[in-house]
2 protein chains.
Amino acid sequence: MTCNQDCGKNSQEWMAALRANGYRLTDARKAVVDVVINSREVLRPAEVFEIAKKKYPKLGLVTVYRTIEKLEELGLIQRVHREQDCQAFVATRAGHNHLLLCTECGRYVYFEGEDLGDLFTSIEKDTGYVTQDHWLQIFGICPVCQQEMGDDQ
Amino acid sequence: MTCNQDCGKNSQEWMAALRANGYRLTDARKAVVDVVINSREVLRPAEVFEIAKKKYPKLGLVTVYRTIEKLEELGLIQRVHREQDCQAFVATRAGHNHLLLCTECGRYVYFEGEDLGDLFTSIEKDTGYVTQDHWLQIFGICPVCQQEMGDDQ
DNA sequence: TTCAATGCAAATATTTTGCAATTCG
DNA sequence: CGAATTGCAAAATATTTGCATTGAA
């Protein structure tokens with residue numbers, strides 16, 4: 001089972017990564033991993049829980065939180081910030097990519113960022129700050145939601 | 001009293017804006033406005049509360065939340081998202097500017113963004129999304145914290 | 001004088017922690 | 001078998017709401 005954007009990752013690799021870091025492969029973790037890796041949308045813990053519980057009814061919300069914590073620690077997922085919600089996650093893609101997010105449904109795609117190196121250099125000179133990291137995130141409406149919005153009108 | 005970056009705004013203007021929108025000018029609001037407009041750092045509601053209470057001891061935390069809500073609604077302040085904290089605010093500056101934030105102390109400066117128009121055009125073509133908005137935010141260490149870190153070592 | 005605004009207390013919502021039972025390796 | 005993991009319940013956080021009192025206009 002590969003992830004939604006052909007990012008080259010699949011749940012077996014994620015489970016292997018967990019194993020390699022000394023974590024056990026439990027059914028609860030498999031359920032959470034499957035949900036996150038296969039989602040086209042950004043998901044919040046409660047959403048992961050609802051979906052994963054269908055595959056693994058014994059699942060507890062606490063385990064979702066704890067599994068997310070480990071996946072984030074291993075760099076397999078990353079937190080996405082949106083205006084009113086900063087506890088959503090997506091599968092990480094290799095390299096420094098940026099997110100384009102649908103504000104209607106949470107569907108996301110990665111895009112290659114501009115080379116902002118020159119900008120950073122000039123900002124460091126102007127401000128005296130040493131830059132460490134940056135976020136570039138774009139919000140919009142995905143094709144599916146455009147279609148649906150058109151249908152409604 | 002003007003704000004920390006000579007943004008051209010002062011607390012009287014903010015109070016006038018509140019008044020113009022039908023809100024009353026209370027001592028509690030003056031205290032909150034003064035704190036936010038004069039802060040060099042991004043502040044969370046609880047921090048605003050602690051500082052503003054010194055000027056106006058009767059202040060309640062709830063009033064801070066409610067005042068922040070109104071200031072945001074009027075576009076006088078904007079919410080800042082950071083890795084583990086998305087309920088911090090800064091005075092808004094005119095135009096589309098981006099934030100450079102110190103990860104140590106929360107000090108911030110605005111910088112003029114690149115023109116990302118071309119990027120948006122090409123992304124819309126590639127993905128089928130219609131873009132609406134974007135965040136570009138840089139994290140780093142401010143000159144003051146660089147100094148302090150140097151002193152410690 | 002009137003009604004918006006306040007501040008307390010209580011209610012919500014979200015995330016974390018303690019712990020006994022379970023399960024992976 | 002032993003230790004990591006789980007899931008429940010309870011605790012801790014953060015934010016919002018209800019309401020009687022206060023105070024701006």
Side-chain angles (χ1 to χ4, degrees), chain A residues 11-12 14-36 42-74 77 79-89, chain B residues 11-12 14-36 42-74 77 79-89:
Chain A
S11 51
Q12 266 125 57
W14 284 25
M15 295 309 285
L18 284 167
R19 194 77 204 81
N21 284 271
Y23 297 120
R24 292 182 177 176
L25 306 185
T26 66
D27 290 342
R29 281 177 183 160
K30 282 189 194 104
V32 171
V33 162
D34 269 357
V35 168
V36 176
V42 174
L43 295 177
R44 292 179 299 112
E47 293 167 334
V48 173
F49 176 61
E50 286 308 322
I51 302 170
K53 208 165 47 170
K54 290 174 191 160
K55 296 185 185 179
Y56 186 68
K58 279 199 300 177
L59 185 66
L61 178 57
V62 179
T63 299
V64 174
Y65 276 101
R66 291 193 273 226
T67 302
I68 283 176
E69 187 178 62
K70 285 170 183 55
L71 294 176
E72 194 180 11
E73 170 198 322
L74 300 181
I77 64 176
R79 183 180 304 234
V80 174
H81 296 256
R82 294 181 289 189
E83 196 49 51
Q84 301 298 343
D85 145 36
C86 304
Q87 285 287 106
F89 296 84
Chain B
S11 50
Q12 266 124 56
W14 284 25
M15 295 309 285
L18 284 168
R19 194 75 203 80
N21 284 272
Y23 297 121
R24 293 183 178 176
L25 307 185
T26 66
D27 289 343
R29 282 178 182 161
K30 283 189 193 105
V32 170
V33 162
D34 268 357
V35 168
V36 176
V42 175
L43 295 178
R44 292 179 298 113
E47 294 168 334
V48 173
F49 176 62
E50 286 307 321
I51 302 171
K53 208 164 49 168
K54 290 175 191 159
K55 296 185 185 178
Y56 186 68
K58 279 200 299 178
L59 186 66
L61 177 58
V62 178
T63 298
V64 173
Y65 276 100
R66 291 195 273 225
T67 303
I68 282 175
E69 188 178 61
K70 286 170 182 55
L71 294 175
E72 194 180 11
E73 169 198 323
L74 299 181
I77 63 176
R79 184 181 302 234
V80 174
H81 296 255
R82 294 182 289 189
E83 196 50 49
Q84 300 298 342
D85 144 37
C86 304
Q87 285 287 105
F89 296 85

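Throughout, protein chains are lettered first and strands after them, A, B, ... in sequence-line order, and every chain is numbered starting at 1.
A/I68 places its CD1 atom 10 Å from the P atom of C/dT16, with the value rounded to the nearest Å. Between B/Y65 atom OH and C/dA9 atom P there is a gap of 17 Å when expressed in whole angstrom units.
The C1' atoms of five pairs define one axis at each end of the helix from C/dT1-D/dA25 to C/dG25-D/dC1, and these two axes lie 40° apart (to 10°).
When the side chain to side chain contact (heavy atoms under 4.5 Å, CB included) test is applied to B/I51, the partners found at least two apart in sequence or on another chain are B/V35, B/L43. Shown here are the side chain to side chain contact (heavy atoms under 4.5 Å, CB included) partners of A/F49, two or more places apart in sequence or in another chain: A/K53, A/L59, A/L61, A/V64.
Listed here is the closest heavy atom pair of A/V33 and A/L18: CG2-CD1, 4.3 Å. Residues B/A31 and B/A52 share a closest heavy-atom pair of O-CB, 4.0 Å. Contact between A/D34 and A/K55 at its shortest, heavy atoms only, is CB-NZ, 3.4 Å. Nearest approach of B/V42 to B/A88, heavy atoms of both residues: CG1-CB, 2.9 Å.
Toward the 5' end of DNA chain D, the nearer of the two residues A/K70 and B/L61, judged by each one's closest nucleotide, is A/K70. For B/A46 and A/G60, each mapped to the nucleotide of DNA chain D holding its nearest heavy atom, the one lying further toward the 5' end belongs to A/G60.
The salt bridge (charged side-chain N to carboxylate O under 4.0 Å, His left out) analysis of residues 58-70 of chain A, with sequence neighbours excluded, yields no pairs. Each side-chain hydrogen bond (donor to acceptor under 3.5 Å, both in side chains) pair with one or both residues in residues 16-31 of chain A, not counting sequence neighbours, appears once here: A/Y23-A/E73.
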Worksheet, complete the sentence: Contact string for nucleotides 19-25 of chain C, one letter per nucleotide 5' to 3', B = base within protein heavy-atom range under 4.0 Å, S = sugar-phosphate only, - = neither, reads ----BBS
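Where DNA chain D meets chain A (any atom under 4.0 Å from a heavy atom), the bounding nucleotides read 5' to 3' are D/dG2 to D/dA9.
Taking the side chain as every heavy atom from C-beta outward, A/W14 and A/V36 approach each other to under 4.5 Å.
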